[in-house]
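Below is one structure, written out as structure tokens, with a few remarks after it.
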Amino acid sequence: MMNDQVKSVDVLIVGAGIIGTTLANELQRAGRQVLLIDRNDAGLGCSYGNAGWVTPCFSMPLPQPGMLMKSIGWMMDPEGPLYIKPDINLRLIRWMFHFLRCMTNKKMHRSVRALTDISKYSLAAYRKLWETGRYPMDFRPNGLLMISGTESGLKDIKAETQIMAQYGIQSKELDAAAAVAMEPSLKSTVLGGTYFPDEASVEPLATVRAYLAEFEAAGGRFQGQTEVFDFVTEKDQIVQVVTTHGRYAPKLLVLATGPWSAKVAKTLKVNIPLLSGKGYSLIVNDFDVAPKYPMMILDRKIAVTPRDGSVRLAGTLELCDADETITPRRVNAILKGSHHYLKLKPEPQVFETWRGLRPCTPDGVPMLGFSRKWKNLFYSFGHQMLGLQSAPGSARFSTDLITGQTPYTDPSAFDPGRFE
Ligand SMILES: Cc1cc2nc3c(=O)[nH]c(=O)nc-3n(C[C@H](O)[C@H](O)[C@H](O)COP(=O)(O)OP(=O)(O)OC[C@H]3O[C@@H](n4cnc5c(N)ncnc54)[C@H](O)[C@@H]3O)c2cc1C
């Protein structure tokens with residue numbers, strides 16, 4: 001039964017993934033009264049089973065100069081790291097149009113600057129929260145190894161490293177022998193790589209829960225099992241948010257609904273170019289030699305993250321429209337790629353197979369800012385492959401905008417109006 005009483009709230013944040021919880025905590029601590037809601041419990045969307053990397057060295061957006069030919073090659077291969085289902089529709093065409101326009105050097109550098117700023121801020125924030133000893137976030141400041149088994153892959157790593165060095169990212173090049181000496185779980189198929197010493201990893205769901213606990217300790221309120229399905233508007237204001245557990249009249253509404261944001265925004269007659277980048281992760285622990293360091297296997301775009309007693313293997317990006325089906329062939333491609341480079345036993349037991357939808361904007365930069373159409377609506381979504389590693393920085397930036405402070409980084413890259 002729906003309760004039709006309208007409850008007034010100061011700030012209503014919809015979506016309790018890592019983006020919604022970090023922003024809820026930041027806004028509550030900045031003096032606002034926040035109600036955070038989610039249709040499930042907190043952290044069960046894309047923030048649940050991601051690779052857990054907090055790696056500012058990965059602040060390259062998807063569209064990059066020269067990416068077009070490479071992506072076409074990947075897209076032809078159903079086991080390749082990037083895949084678009086042959087299902088052409090208007091939303092995909094519009095997204096691709098913007099995506100192609102972002103493949104310039106100038107746009108890429110603007111995105112890298114913005115993403116590096118919010119990622120570095122986040123790494124420091126996670127470290128600080130972990131140092132309180134209050135939460136089992138499993139923060140591991142062990143750096144990151146990027147490896148390749150092909151000459152062209154090594155060239156790509158070098159090019160990326162050179163770009164990231166301009167943004168203060170430290171790295172050390174390794175030949176094959178040095179890579180295997182550092183990480184004995186690697187097979188001799190590896191030709192070399194680069195080590196980034198300042199990066200870290202965390203356990204993703206535990207990190208969402210840590211921020212939720214911080215938020216509640218500051219007096220904020222979370223309500224799960226509450227789905228938004230409609231709005232009531234007047235002139236340029238959203239006056240009511242209609243949910244499965246009653247109606248709310250917020251002074252400010254924040255959409256932190258990740259990959260589902262385009263659908264929610266459509267109810268508000270706003271057309272947003274956001275697609276889902278479906279990826280998978282698997283938890284295994286059957287290794288002859290278990291990995292010690294988080295690793296990116298560049299040729300297959302597989303992320304390897306050591307955890308307490310097991311390893312998470314994550315990868316693939318399948319552009320789709322919030323389609324949550326699991327494609328066995330693409331899950332198997334992660335295992336196949338891992339076998340090629342890692343000392344993984346032939347038939348490893350898979351403890352968990354997970355799929356997640358990365359919220360993908362065409363330029364790889366989140367949309368953070370006020371809506372042009374609705375004056376009390378703020379967007380906080382589109383964090384693509386970097387939502388975990390950039391969440392506290394994104395939350396600080398959004399809070400600065402909402403509370404009228406000068407943001408600590410240039411707001412133009414994040415402006416939601418950039419695709420209009
Ligand atoms: C395989 C894989 C590996 C990844 N690895 C990394 C990594 O190592 N590091 C990194 O930084 N990022 C990584 N990512 C990306 C990262 O997971 C995402 O960027 C991030 O989780 C997005 O967070 P979010 O809060 O925006 O979305 P979500 O976590 O999906 O949260 C959105 C929430 O909104 C809720 N919601 C939606 N619609 C409604 C509604 N109508 N009413 C109420 N609630 C609603 C959902 O229930 C959900 O809880 C990875 C992603 C994948 C798929």
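Both counts, for ligands and for their atoms, begin at 1 and track the order of listing.
Not a single heavy atom of F381 sits less than 4.0 Å from an atom of ligand 1. For the ligand labelled ligand 1, residue D38 lies inside the 4.0 Å heavy-atom shell.
The distance between the ring centers of W130 and Y126 does not fall below 6.0 angstrom. Within the 6.0 Å centre-distance limit, the rings of Y195 and Y293 are counted as a close aromatic pair. Between F222 and F215, a ring centre-to-centre spacing not shorter than 6.0 Å is recorded.
Listed by number with element, the atoms of ligand 1 under 4.0 Å from a non-hydrogen atom of A51 are 3 (C), 4 (C), 5 (N), 6 (C), 8 (O). Interface of I18 with ligand 1, defined as ligand atoms under 4.0 Å from a residue heavy atom, comprises 23 (O), 25 (O). Taking a cut-off of under 4.0 Å to the non-hydrogen atoms of V14, the atoms of ligand 1 that pass are 42 (N), 43 (C), 44 (N). Listed by atom number, the atoms of ligand 1 under 4.0 Å from Y280 heavy atoms are 1 (C). The Q389 neighbourhood of ligand 1 comprises atoms 10 (C), 11 (O), with distances under 4.0 Å to a heavy atom of that residue.
Between atom 23 (O) of ligand 1 and the options S119, G387, S47, the minimum heavy-atom separation is to S47. When the heavy-atom distances from atom 22 (C) of ligand 1 to G17, P359, G258 are ranked, the shortest goes to P359. By heavy-atom distance, the residue among A314, C46, A42, S390 lying nearest atom 30 (O) of ligand 1 is C46. Comparing L23, N50, T22 against atom 17 (O) of ligand 1, the shortest heavy-atom distance belongs to N50. Considering Q384, E227, K278 only, the shortest heavy-atom separation from atom 19 (O) of ligand 1 involves Q384.
At a 4.0 Å heavy-atom cut-off, ligand 1 touches T226 through the backbone alone. At a heavy-atom cutoff of 4.0 Å, ligand 1 is contacted by the side chain of W260 but not by its backbone. The proximity of S281 to ligand 1, defined as any non-hydrogen pair under 4.0 Å, does not occur for either the backbone or the side chain. Only the side chain of P259 comes within contact range of ligand 1, with a heavy atom under 4.0 Å; no backbone atom does. Residue-level proximity to ligand 1 for R355 is absent, since no heavy atom of it falls below 4.0 angstrom. Residue contacts with ligand 1, taken as heavy atom pairs separated by less than 4.0 Å, do not involve K263 at all.
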Query raised in the report: When you look at Y121 and Y408, which way does the ring pair (Phe, Tyr, Trp, His ring centres under 6.0 Å) test go after all the steps?
Result: CA-CA 10 Å; Y121 184 105; Y408 72 93; 4.9 Å; yes
Query - salt bridge (Lys or Arg N to Asp or Glu O under 4.0 Å) assessment of D415 paired with R372 - result: CA-CA 10 Å; D415 181 2; R372 297 261 199 287; 3.5 Å; yes
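Judged by distance alone, with hydrogens and angles left aside, the side-chain atoms of T243 form a donor-acceptor pair with the main-chain N or O of H245 at under 3.5 Å. Judged purely by atom type and a 3.5 angstrom limit, S276 has no side-chain atom pairing as donor or acceptor with the backbone of K278. A donor-acceptor pair under 3.5 Å is formed between the side chain of S122 and the backbone N or O of S390. The closest donor-acceptor contact from the side chain of R312 to the backbone of T305 lies at 3.5 Å or more, if one exists at all. With S398 contributing its side chain and L368 its backbone, the two residues share no donor-acceptor pair below 3.5 Å.
Remark: D321 engages R91 in a salt bridge, criterion side-chain N to carboxylate O under 4.0 Å.
Summarising the geometry, atom CZ belonging to R358 is positioned 4.5 Å from atom CG belonging to L317; distances are rounded to the nearest 0.5 Å.
Atom 44 (N) of ligand 1 has R39 N, 3.2 Å as its closest protein atom, hydrogens excluded (heavy atom only).
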